[in-house]
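Working notes, beginning with the structure itself.
A note on names: the letters A, B, ... follow the listed sequences, proteins ahead of strands, and every chain is numbered from 1.
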Amino acid sequence: MKSLSIKNLHKKYDQTEVLRGIDISLESGEFLVLVGPSGCGKSTLLSCIAGLEEITSGSIKLGEKDITHASPKDRELAMVFQSYALYPNMTVRQNIEFGLKISKYSKEEIENRIQSAASMLQIKELLNRKPAQLSGGQRQRIAIARSISREPSIYLFDEPLSNLDAELRVRMRAEIKKLHKKVKKTIVYVTHDQIEAMTLADKIAIMHNGTIQQFDTPINVYNNPCNLFTAGFIGSPSMNFIDVKIQKNGNKYFINLKNEIQEDNFLYLDASYEYLEKYLNKEVIAGIRPEHMQNGFRSLEISHELQDLKANISFSEYTGADAFLFLKLNDTDVIARVSSDDLKADGENIALKVWTKKILFFDKKTENRIR
Amino acid sequence: MDVIIKEKNSNKISRILIYLVLSIFAIYFLLPVFVMIITSLKDINEIKNGNILSMPQHFTIQPWIDAWQNARIGASAHGIKPYFINSIMITVPAVLISSIIGSFNGYVFAKWKFKGSDLFFAFLLFGCFIPFQVILLPMSQTLGKLGLSQSVFGLIFVHIVYGISFTSLFFRNFYVSIPTELINAAKIDGAGFFRIFFKILLPVSLPIFMVCIIWQMTQIWNDFLFGVTFSDVSTQPVTVALNNLVNSTSSVKRYNIDMAAALIAVAPTLIAYIVSGKYFVKGLMAGAVK
């Protein structure tokens with residue numbers, strides 16, 4: 001169990017810089033998820049941590065040990081790959097043994113480790129099979145068992161669930177979470193699936209264009225995104241971004257969301273929005289999550305923070321528990337997440353409530369959060 | 001209903017057409033082989049009577065025995081047997097060594113890329129396109145300097161050098177299709193360059209080895225130009241010996257012995273194809289798809 005600290009890491013392929021100054025510091029035993037759209041550099045970063053890619057500059061420390069230039073096998077780590085990377089010509093047992101034999105552990109030690117890893121992942125009856133005879137879920141189990149048997153200081157997971165079908169993915173996700181609770185080791189986990197990221201992580205690093213946009217807990221990433229990219233990336237359906245003008249009436253700031261028939265919806269902001277002063281009479285981007293525009297807020301405590309929003313339903317998507325209403329506010333398409341009871345037909349008008357306290361504002365030029 | 005029946009009928013007709021065309025071509029290609037076989041089983045007198053295309057009246061395997069051990073080739077009259085053995089002595093080591101070197105090269109080009117390795121590979125590929133004739137002179141000088149001229153070892157050397165381009169290409173294309181994650185997993189497990197090759201890649205390389213072996217064996221066994229250039233009377237391969245056998249005429253042209261000798265000379269490659277042909281197709285495809 002060791003902490004991980006990455007300082008100012010850069011990685012260049014010829015002329016293209018794929019990682020530009022990555023800083024991460026992870027407490028020992030923490031679960032870090034690297035998440036981002038494809039091509040953001042998350043898998044490259046993982047390869048750099050694993051030592052499979054030589055870095056251009058910067059440093060990587062595991063605990064007190066500098067492993068910046070150590071070879072992969074000397075980094076006390078284990079890795080689980082997207083394609084499982086099981087050696088096809090070896091049985092499950094031989095797959096697990098392979099690394100242990102190279103590390104020259106005694107026969108009893110190897111057997112002990114195989115048995116404990118196999119029982120932890122319930123694969124004892126599979127030990128003598130070949131990978132080709134196993135299902136996707138079983139293969140992923142073996143790959144995890146193989147990494148556990150190495151008893152590493154840190155685990156690396158490279159999109160381990162993306163080859164599994166939806167149901168299995170949810171099950172394996174829970175198992176990985178359980179496993180982390182059991183082994184209490186530091187984990188770095190790469191995924192492009194934000195649900196995986198939110199459910200598994202202690203810390204999330206949202207990456208974009210080779211930089212870390214935000215490094216924070218899942219709750220903070222969701223509630224306090226630092227810029228337009230992270231706000232839009234986490235959350236499904238994603239946050240609505242609407243151009244609005246900050247106006248002032250007396251000492252209260254307000255914005256206006258015009259609906260399809262140019263009806264005004266004035267939303268007054270409370271005292272916590274004082275920082276908007278320097279944006280007075282300027283256009284900014286308002287970010288409103290779909291669930292903060294709805295008709296079914298139940299908690300009475302927030303009822304005084306709700307304000308009316310009249311809108312016209314362009315069309316709606318019924319998903320079961322919820323329905324997504326597609327509306328037009330300030331000529332922008334937005335989505336409201338409402339309760340699916342008494343669903344109104346397309347084209348009808350609807351009166352919604354907005355939880356104004358949850359509205360975030362972003363600078364139009366820098367795309368950074370205004371706060 | 002009518003449409004279905006019509007479709008079925010037109011299907012049947014096109015089937016029959018396909019088989020007809022295929023049969024014609026098969027017969028066309030097999031006819032010379034058939035003539036060779038029946039001629040090799042005839043007495044020379046039967047042939048002299050002018051019935052070269054008719055079935056033998058008296059089957060005899062004497063021409064085969066003569067071709068194998070009694071026929072006169074140049075000065076000696078020991079048949080093509082010693083030259084057949086020469087060919088084996090050349091082919092076996094040349095095939096094996098060029099395949100093994102090719103597998104290493106392919107491994108490096110596919111999974112251990114270094115700066116300029118793609119350029120290096122491109123140069124190596126030139127070897128596949130250089131015509132044999134171009135290298136005859138420089139190669140004979142090289143063999144002379146190495147003290148290998150006119151020897152079996154010289155021919156082995158030439159075939160290895162010439163074969164590496166092809167075997168490297170085959171193995172590289174095969175190994176490219178093996179996921180790099182597998183190599184990475186082994187690296188993290190602590191395996192090095194050679195262990196990854198021997199424990200992980202080599203065990204799955206049988207199909208491509210078969211491709212290389214069949215390809216190289218056909219090339220080397222059937223080679224005539226290198227054989228005629230770089231060998232002498234005692235070290236010539238069977239192809240050269242066959243040519244000499246046919247050309248060293250005594251009073252009568254003994255077609256039956258010529259045919260038998262030719263059939264003996266092509267037998268090994270033919271058998272290799274029949275035995276392992278399915279690997280050849282599978283292995284060649286392995287690099288191409290994916």
* Report, as yes or no, whether the 6.0 Å neighbourhood of atom CD on Glu125(A) holds more than 12 heavy atoms from other residues, nucleotides or ligands. => yes
* So, do Arg195(B) and Ile102(A) sit near enough that their side-chain heavy atoms are less than 4.5 Å apart? -> yes
* Counting only heavy atoms not in Phe114(B), do more than 12 sit closer than 6.0 Å to its CZ atom? -> yes
* Asked: Just wondering, more than 12 heavy atoms not from Phe120(B) lying within 6.0 Å of its CZ?
  -> no
* To do: Take atom CZ of Phe104(B) as the centre, draw a 6.0 Å sphere, and report whether it contains more than 12 heavy atoms from other residues, nucleotides or ligands.
  => yes
* Are Leu182(B) and Pro88(A) side-chain neighbours, meaning at least one heavy-atom pair lies under 4.5 Å? -> yes
* If you round to the nearest 0.5 Å, how far is CZ of Phe98(A) from CD1 of Ile196(B)? -> 7.0 Å
* Please flag which part of Ala143(A) lies under 4.5 Å from any non-hydrogen atom of chain B: side chain, backbone, both or neither. => neither
* **Residue selection (most heavy-atom pairs with chain A, distance under 4.5 Å) from Ile200(B), Val204(B), Asp189(B), Ile183(B)** => Asp189(B)
* Above 12 or not: heavy atoms from other molecules or residues under 6.0 Å from CZ of Phe123(B)? -> no
* To do: Look up atom CD in Glu181(B) and atom CE in Met79(A), then write down how far apart they are to the nearest 0.5 Å.
  => 7.0 Å
* Does atom CE of Met90(A) have more than 12 heavy-atom neighbours from other groups under 6.0 Å away? -> yes
* Glu27(A) atom CD, neighbour heavy-atom count above 12 within 6.0 Å -> no
* Which one, Ser83(A), Pro72(A), Ser147(A), leads in non-hydrogen pairs under 4.5 Å with chain B? -> Ser83(A)
* Structure fact -> Ile188(B) and Leu77(A) have their tightest heavy-atom pair at CG2-O, 3.7 Å
* Between Arg75(A) and chain B, which part of the residue has a heavy atom less than 4.5 Å away: side chain, backbone, both or neither? -> neither
